[in-house]
Protein chains: 2
Amino acid sequence: MQHGSQYIAPTLNVDAVIFQLGGKGLETLLVKRSTDPFSGKWALPGGYNAVGHTTSEALQKIVLTKAGVDISSAVPYVEQLYTFDTIARDPRGHAVSVTYMGCGREIPTQKSLDEAAFFPVSELPQLAFDHGDIITYAHSRLAAKLTYTNAVHALLPQDFTLTQLQTAYEAVFGRELDKRNFRKKFLSLNLIHETDKTWREGAHRPAKLYEFNSHTLESLSRSFD
Amino acid sequence: MQHGSQYIAPTLNVDAVIFQLGGKGLETLLVKRSTDPFSGKWALPGGYNAVGHTTSEALQKIVLTKAGVDISSAVPYVEQLYTFDTIARDPRGHAVSVTYMGCGREIPTQKSLDEAAFFPVSELPQLAFDHGDIITYAHSRLAAKLTYTNAVHALLPQDFTLTQLQTAYEAVFGRELDKRNFRKKFLSLNLIHETDKTWREGAHRPAKLYEFNSHTLESLSRSFD
DNA sequence: GCAAAAGTGTTTGGGATACACCCATGC
DNA sequence: GCATGGGTGTATCCCAAACACTTTTGC
């Protein structure tokens, strides 16, 4: 097939699954659609990717505009997820969506075009398009990433307690872990070190605070859980 | 941004990294370009994805036409790899490429538009576009897949010897494995069973032939190497 | 002193690794 | 009988999993 003659490209979209931890575990950012199709339904923040912009650039701009979230400052870990391309996924016509997955913590949302909110992945509303599938896929990918990389750092503050760290893993994995085994194993990976600070909260012993040695993504020497 | 006003989509391409085992280890399918850009250079089989066709459909058709390889019959394992989208990757203009990785064995190539051949990944010619990066990425992904799935089956015949199986792993991993440990570990995964056939070849003891219990993709209970 | 979360060790079983010789065949 | 690749077992170490009590604080 030659370009130019009668080649027509499908629409190119980008969509983002942005995770953070909240009171009810892992949450994902959604926006309420105000136009058809799926007007009134919640959806992943996303939109058109025009020629001349990379998918990351388009994503950055769209998520800021539509959901009021600035990925470059508030979402330290972002990776491309998968490209969804079934013909029928958008009732307006063939649209290929390059999806991304990102993680952050206490992500601030500015004023935006659409109403935006974080929903616990365990209590998602009805979703537009195939966005439910995309979230499920992103969740499983995040769980996998936590087992063989230091990606958790993006879900935690700079200084964190071992309990917070364990809670992050439990929220993503959806199951409880043994405290003693978790600490022994994680500390043996040499990814984090103690600080001289402690965290006091409530009527109980204060917790030591830890820091990651590096905030760049690394593969673990042996996989975790 | 609204569709319709002045939205123009980038060109959508698909490209395939098709692996098989050959005399010099892991090989990948390339086609020789006969037109600019990169005329005369080797490239991955790929081409335009027009509206109305999924990327798999487009891939299927393009690889058959340009390289003479019928994916549906000769490439039992195919998965989507990554979407490459840097603006400058195609000198003709912004083209987003959805790439796929596939594995087969003794893949027949029919007559095709372009000259097509398998090259050992250790001896690749100069490649067009960013196709060298794509192959490197596909190779690392394949190695990872072999550690946690039964995907090797796609590189082997229906009946195979344990030596063939080990050789397949060694070719993909690029290093040698211990024979006794390999056999003990692989057999303990319960993915394969002995047949009553044997393989005679050369002046030495004949080898037992094995079969996979299932040819559908499965995740291993514990990861391999 | 009591409630609440932080912190800490030992035992046991199984898989990972390292390693060398005998077996069945063709010529 | 000899060359060639097929086939096999053991000892050691480390990691994974299971499991319960003491410590430090606020009130």
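Naming: A, B, ... by sequence-line order, numbering from 1 per chain.
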Applying side chain to side chain donor-acceptor pair (under 3.5 Å) to Q20(A) and not counting sequence neighbours gives E27(A)
Rounded to the nearest angstrom, tell me the gap between atom CH2 in W199(A) and atom P in dG26(D). 14 Å
By nearest nucleotide on DNA chain D, pick out whichever of R205(A) and R180(A) is the more 5' one. R180(A)
Using distance alone, with no hydrogens and no angle criterion, decide if T195(A) and Y210(A) have a side-chain donor and acceptor under 3.5 Å apart. no
Starting from the 5' end of DNA chain C, give me the residue, S188(B) or K179(B), whose nearest nucleotide shows up first. S188(B)
Taking only the side-chain heavy atoms of R222(A) (C-beta and beyond), determine which of dT17(C), dC15(D), dA5(C) contains the nearest atom. dC15(D)
Atom-pair distance (CD on E201(A); P on dG26(D)), nearest Å: 12 Å
Is there a side-chain contact between R200(A) and the phosphate of dT25(D), meaning an N or O under 4.0 Å from OP1 or OP2? yes
Nearest-Å distance for atom pair CG/P, residues L165(A) and dA6(C): 12 Å
Let me know the distance between CG of D225(A) and P of dA16(D), rounded to the nearest Å. 9 Å
Using 30° and 60° as the class limits, which term best fits the ring planes of F182(A) and F186(A): parallel, tilted or perpendicular? parallel
Closest-nucleotide ordering on DNA chain D, the 5'-leading residue of G202(A) and D178(B): D178(B)
Once you round it to whole Å, what is the distance between P of dG14(C) and CG of L189(B)? 16 Å
Between dT17(C), dA6(C), dG7(D), spot the one nearest the side chain of R183(A), thanks. dA6(C)
T198(B)-R205(B) side chain donor-acceptor pair, cut-off 3.5 Å: no
Tell me the interatomic distance from K184(A), atom NZ, to dC14(D), atom P, rounded to whole angstroms. 15 Å
For the pair made of CZ in R175(A) and C1' in dA17(D), what is the distance, rounded to whole Å? 12 Å
Let me know the distance between CG of L187(B) and C1' of dG7(D), rounded to the nearest Å. 11 Å
Taking the six-membered ring for Trp and the single ring otherwise, decide whether the centroids of F84(A) and F129(A) are under 6.0 Å apart. no
Compare side-chain N and O positions of K185(B) against OP1 and OP2 of dA16(C) and report whether any pair is under 4.0 Å apart. yes
Check the phosphate of dA6(C) against T163(A), side-chain N and O only, distance under 4.0 Å to OP1 or OP2. Yes or no? yes
Selected nucleotide, minimal atom distance to H204(A) side chain, candidates dA5(C), dT17(C), dG7(D): dA5(C)
Check whether the side chain of K208(B) and the base of dG7(D) form a donor-acceptor pair under 3.5 Å. no
